[in-house]
Amino acid sequence: QVQLVESGGGLVQPGGSLRLSCAASGFTFSSYSLSWYRQAPGKERELVASILSNGGRTYADSTKGRFTISRDNAKNTVYLQMNSLNPEDTAVYFCNARFRSVIRSSEYWGQGTQVTVSS
């Protein structure tokens, strides 16, 4: 059974930091690209950051220099370190795992974790 379980969300003051974790099971974690998305109330889900199976990273312009995505294949876990948080970062954050090849593709989502940035 595939599971992606996020944790680490919560309430933080502007300028603060949080680290989100996403623990995975039920699939070959090291072969998958991993991403964090977020969705704020009334807005579409947007990509925050991605890390490929080879370790390559990409970030949304709004998070570059503030957020860092990393993965630990030994622990089947992907992380999102978020620094210098501002109220615009308030959203539900979702973990995503994706695999694509010539012969098959698969994609999984976590249930989300709420991040609220407020004084």
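Below, all heavy atoms of this structure are taken into account, side chains as well, without hydrogens, waters or symmetry copies. This structure is a prediction, so every number in the text was calculated from the model and none was measured.
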Set out, in order, the CA-CA distance, both residues' side-chain angles and the distance that settles side-chain contact (heavy atoms from CB on, under 4.5 Å) for R38 and V115, then state yes or no.
CA-CA 9 Å; R38 67 186 180 187; V115 171; over 6 Å; no
Test side-chain contact (heavy atoms from CB on, under 4.5 Å) on W109 and R45 and set out the steps.
CA-CA 12 Å; W109 290 91; R45 191 172 296 190; 3.2 Å; yes
In terms of hydrophobic clustering (I, L, V, M, F, W, Y; side-chain heavy atoms under 4.5 Å; direct or indirect links), are [X] and [Y] co-clustered?
X	Y	answer
L85	L80	yes
W36	Y108	yes
M82	Y37	no
V92	L4	no

Under 3.5 Å, sequence neighbours excluded: what are the donor-acceptor pairs made by side chains of residues 47-61?
unit_1: S50; atom_1: OG; unit_2: S35; atom_2: OG; d: 2.7
unit_1: N54; atom_1: OD1; unit_2: G56; atom_2: N; d: 2.9
unit_1: R57; atom_1: NE; unit_2: I69; atom_2: O; d: 2.7
unit_1: Y59; atom_1: OH; unit_2: I69; atom_2: N; d: 3.0
unit_1: D61; atom_1: OD1; unit_2: K64; atom_2: NZ; d: 3.4

Could you measure the distance from the [atom1] atom of [X] to the [atom2] atom of [Y]? Nearest 0.5 Å is fine.
X	Y	atom1	atom2	answer
T116	D89	OG1	CG	11.0 Å
E107	F99	CD	CZ	13.0 Å
Q114	T90	CD	OG1	7.5 Å

Going by ring pair (Phe, Tyr, Trp, His ring centres under 6.0 Å), name the pairs with one or both residues in residues 77-98, residues two or more places apart or in two chains.
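Residue pairs with at least one partner in residues 77-98: there are none.
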Taking all heavy atoms of R66 and all of N86, pick out the closest pair and write down the distance.
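Looking at all heavy atoms of both residues, the closest pair is NH1-ND2, 3.5 Å.
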Exercise answer: donor-acceptor pairs, residues 23-34 side-chain atoms, under 3.5 Å, sequence neighbours excluded:
unit_1: Y32; atom_1: OH; unit_2: S106; atom_2: OG; d: 2.6

Pairs under 3.5 angstrom only: tabulate donor-acceptor contacts from the side chains of residues 14-22 to other protein residues two or more places apart or in another chain.
unit_1: S17; atom_1: OG; unit_2: N83; atom_2: OD1; d: 2.9

Taking side-chain hydrogen bond (donor to acceptor under 3.5 Å, both in side chains) as the definition, give me every residue that meets it alongside N76, ordered by chain and number, with sequence neighbours left out.
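With sequence neighbours excluded, N76 shows a side-chain hydrogen bond (donor to acceptor under 3.5 Å, both in side chains) to no residue whatsoever.
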Give me each pair satisfying side-chain hydrogen bond (donor to acceptor under 3.5 Å, both in side chains) with a member in residues 1-13, each pair once, sequence neighbours excluded.
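Qualifying pairs: E6-Q111.
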